[in-house]
Amino acid sequence: MSNISNFVGAQSARISVEAAIKKAKDNDNYHALLSLTEDRALERADMVDRGEITGKLAGVPFIVKDNFLAFGAPTTAASKMLEDFQAPLQATAVEKLEAEGAICIGKANLDAFAHGGSTENSAFGVTKNAIDQTRVAGGSSGGSAVVAALDIVPFALGTDTGGSIRQPASFNGVYGMKPTYGTVSRYGVVAMASSTDTIGCFATSAEDVALVLGIMAGSDDKDMTTLPDFFAENTQVKPGQKIGLIKEFMTDDVDSVVRERTTQYVAELTAAGHTVEEVSLPMLRYTLAMYYIIVPAEISSNLARYDGVRYGYRAEGVSTLAELYGKSRDEGFMTENKRRIMIGSYVLSSGFFDAYYQQAQKARTLLIEQFNELFQTYDALVGPVSPTPAFGIGENTSDPVKMYLADVMTVPASLAGLPALSAPAGTDEAGLPIGVQLIGRQRSDAQLLALAASVEVN
Amino acid sequence: MTVISRDEVQHLAQLSSLQLSDDETTNLQKDIENILNYIQQLDELDTTGVEPTYQVTGLENIWRDDTVVQSSVSRETLLSLAQDKTVDSVKVPKVL
């Protein structure tokens, strides 16, 4: 069921926006938001009500992850480095939504610079799970997932480099999708790893995800990796699809309740007339190692720009330029940011480049070949999103490798640039949500969403 | 097993323009060692003759005309983001 459609033209935009802001404030204890863009939002709502702004999303409130440059509040990336950064421009994705009348009411918490899988790594405090406040929201787009799950807004934007939309969507029981690499312009979004960074969204139905992605999709001169818009609106689900259940995602390493919910979802797919068969991707066992070489390498390069000079945090009491760089970066970044930057510097340094970085990019080719081979036979692949439901706050923070292992089922689609979504597939006995992941071939995004919509479980 | 010395961590910090405290250096030494030992499993993979993938959607060089495009952001706005500046430039401490 579309939630967005309840907002378009149903009542005054001011009433919708005021209600969303009130709900955001009432749910302050989840710490899902870092700021509200209240003044600007109300101003735009009045413009919609006066008919000065029209469009497919006229008067629909939304929230963006705080690594999207947007007017009305600082863009912090949940870091001390950008604590006071007032964006001089807006992200293309935000501009496109605003052009259709949508109204950004606030900015959601994340792991600083989107480095993390729990939103515990924010410089401004931990976001709590929408269903159980003792558990993590997931991450890095944890705040966006929680505001969608609490129904503060009908949709929220996130970024997904290795699972940062899909995993929190799974943990909070909402839909979350990363589209094909290059679907949505990343211009005006704080860069993490340029070869896998994607922009996507959270909503309470596959239909709403499709509506929002369809509006954001398309080429942009300011992001040369964008693809021409291939997003077909109102796509009907292709009947009788062949779907592969990924065997490597259904081993004993995955919680039994997660496997059970996945099996139930597979039964739904079968009941809907699709054929599901077990498939294998042997390269999956290497994907985390590849990911934690390639992504830190790109992070070390992308985060070189934060030097305390032109914008962002600047350390006090330094006497030389080198000290200014070193101290501003030490004080402005979180430990996880530094860890990734230094791993990146290591794998890119001379003597190690071939052994690590090149080897990982070659392994990536082998992974992509295995995906391509499966997509000759199968329309989509299915499996869990995360090996467990939301884990406890503080449970994984002491061991970075353990935290990284939680990404094992989301990074493969990222490394291959494939569209992948998390759809709600029920809960465990304690009521914690469990998501199931659908992965499609490149540019099959709309078809993948149509498939998810046709077997909506909740 | 890769072992990373304290000197190597400090060298990496220097390459990364990070002025780490002693405590942080100690903690990161252990973390980096663990991460490197994890990612080393790629060594066992035979990639002879495999081309690396840097771009996943098959795009290659995209050309545009070499013309000046006016930015929507003014020089004043950009300068206002810097902590230390003069009328028309950003200021930094001495280089050496």
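Here is the naming used below: chain letters follow the sequence lines, and residue numbers restart at 1 for every chain.
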### Summary
The interface call for B/Leu59 against chain A, heavy-atom contacts under 4.5 Å, is side chain
### Query
Where on A/Val309 is there a heavy atom nearer than 4.5 Å to chain B: the side chain, the backbone, both, or neither?
both
### Query
Would you say the side-chain atoms of B/Gln55 and A/Ser195 include a donor-acceptor pair closer than 3.5 Å?
no
### Task
Just give me the residue among A/Asp84, A/Asp399, A/Ile294, A/Ile293 that pairs up with chain B most often, heavy atom to heavy atom, under 4.5 Å.
A/Ile293
### Message
Between A/Gln442 (side chain only) and B/Val56 (backbone N and O only), is there a donor and an acceptor less than 3.5 Å apart?
### Response
yes
### Task
Working to the nearest 0.5 Å, report the span between CD of B/Glu51 and CZ of A/Arg364.
14.5 Å
### Query
Say you draw a straight line from CG of B/Leu15 to CG of A/Leu348; how long is it, rounded to the nearest 0.5 Å?
10.0 Å
### Task
Walk me through it: do B/Glu24 and A/Arg339 pass the test salt bridge (charged side-chain N to carboxylate O under 4.0 Å, His left out)?
CA-CA 10 Å; B/Glu24 257 183 325; A/Arg339 221 178 259 141; over 6 Å; no
### Query
Would a 4.5 Å heavy-atom cut-off, applied to side chains only, mark A/Thr320 and B/Leu96 as touching?
no
### Query
Is the shortest heavy-atom distance from the side chain of A/Leu405 to the side chain of B/Tyr38 under 4.5 Å?
yes
### Query
Can you check whether B/Leu42's main-chain N or O pairs, donor with acceptor, with A/Gln359's side chain at less than 3.5 Å?
yes
#### Entry: chain B interface, residue from A/Ala289, A/Gly312, A/Gly308 that has the most non-hydrogen pairs under 4.5 Å
A/Ala289
### Message
Given heavy-atom pairs under 4.5 angstrom as the criterion, report whether the side chain, backbone, both or neither of A/Tyr357 touches chain B.
### Response
side chain
### Task
Check each atom of A/Ala416 against the heavy atoms of chain B and say whether the ones under 4.5 Å are side chain, backbone, both or neither.
backbone
### Query
Considering only heavy atoms, which portion of A/Met283 lies under 4.5 Å from any heavy atom of chain B: side chain, backbone, both, or neither?
side chain
#### Entry: Nearest heavy-atom neighbours spanning B/Lys94 and A/Ser319
CG-O, 3.4 Å
### Message
With a 6.0 Å cut-off (strictly less than), is the heavy-atom count around CD of A/Glu373, excluding the residue itself, greater than 12?
### Response
no
#### Entry: OG on B/Ser72 to CG on A/Leu89, rounded to 0.5 Å
5.5 Å
### Query
Do B/Ile39 and A/Val347 come within less than 4.5 Å of each other through their side chains, counting heavy atoms only?
yes
### Query
Residue by residue, which of residues 324-336 of chain A have a heavy atom closer than 4.5 Å to a heavy atom belonging to chain B?
A/Leu324, A/Tyr325, A/Gly326, A/Lys327, A/Arg329, A/Asp330, A/Phe333, A/Thr335
### Task
Against chain B, label A/Leu288 side chain, backbone, both or neither, depending on which of its atoms sit under 4.5 Å from a heavy atom there.
both
### Task
Go through B/Asn34, B/Val90, B/Ile32 and name the one with the most non-hydrogen pairs under 4.5 angstrom from chain A.
B/Ile32
## Note on the structure
Nearest heavy-atom contact between B/Gln40 and A/Tyr356 is NE2-OH, 2.7 Å
### Query
Side-chain contact, heavy-atom cut-off 4.5 Å: B/Leu45 with A/Leu366?
yes
### Message
Pair B/Tyr54, A/Thr365 - check side chain to side chain contact (heavy atoms under 4.5 Å, CB included), show working.
### Response
CA-CA 9 Å; B/Tyr54 301 109; A/Thr365 304; over 6 Å; no
### Task
Could you look at A/Ala360 and say if it's the side chain, the backbone, both or neither that has a heavy atom under 4.5 Å from chain B?
both
#### Entry: Greatest number of heavy atom pairs closer than 4.5 Å to chain B - which of A/Tyr346, A/Tyr181, A/Tyr404
A/Tyr346
### Task
Give, for atom CD1 of B/Ile62 and atom OG of A/Ser219, the distance between the pair rounded to the nearest 0.5 Å.
9.0 Å
### Task
Would you check, one step at a time, whether the test side chain to side chain contact (heavy atoms under 4.5 Å, CB included) holds for B/Thr53 with A/Leu415?
CA-CA 10 Å; B/Thr53 296; A/Leu415 288 170; over 6 Å; no
### Engaged part of B/Val69 at the chain A interface, taking heavy atoms whose separation is under 4.5 Å
neither
### Task
Heavy-atom distances under 4.5 Å only: say whether B/Asp46 touches chain A with side chain, backbone, both or neither.
backbone
### Query
What closest approach, in Å, do A/Ile341 and B/Ser16 show between heavy atoms, and which atom pair accounts for it?
CG2-CB, 3.5 Å
### Message
Heavy-atom cut-off 4.5 Å, strictly under: side chain, backbone, both or neither for B/Val95 against chain A?
### Response
both
#### Entry: Charged N-O contact under 4.0 Å between A/Arg285 and B/Glu44
yes
### Query
Considering only heavy atoms, which portion of A/Glu369 lies under 4.5 Å from any heavy atom of chain B: side chain, backbone, both, or neither?
neither
### Task
To the nearest 0.5 angstrom, please state how far the CG atom of B/Leu36 sits from the CZ atom of A/Phe352.
8.5 Å
### Summary
In short, A/Met342 meets B/Ala13 closest at the heavy-atom pair CE-N, 3.8 Å
## Note on the structure
What one should report as the nearest heavy-atom pair of A/Ala355 and B/Asp43 is O-OD1, 4.5 Å
#### Entry: Side chains of A/Gln361 and B/Thr47 in contact at under 4.5 Å (non-hydrogen atoms)
no
### Query
In terms of heavy-atom pairs under 4.5 Å, which option from B/Asp31, B/Asn27, B/Leu20, B/Val73 contacts chain A the most?
B/Asp31
#### Entry: Under 4.5 Å from any heavy atom of chain A - which part of B/Leu28
side chain
### Contact origin within A/Pro400 toward chain B - heavy atom pairs under 4.5 Å
side chain
### Query
Are there residues of residues 77-87 of chain B that reach to under 4.5 Å of chain A by heavy atoms, and which ones?
B/Thr77, B/Leu78, B/Leu81, B/Ala82, B/Gln83, B/Asp84
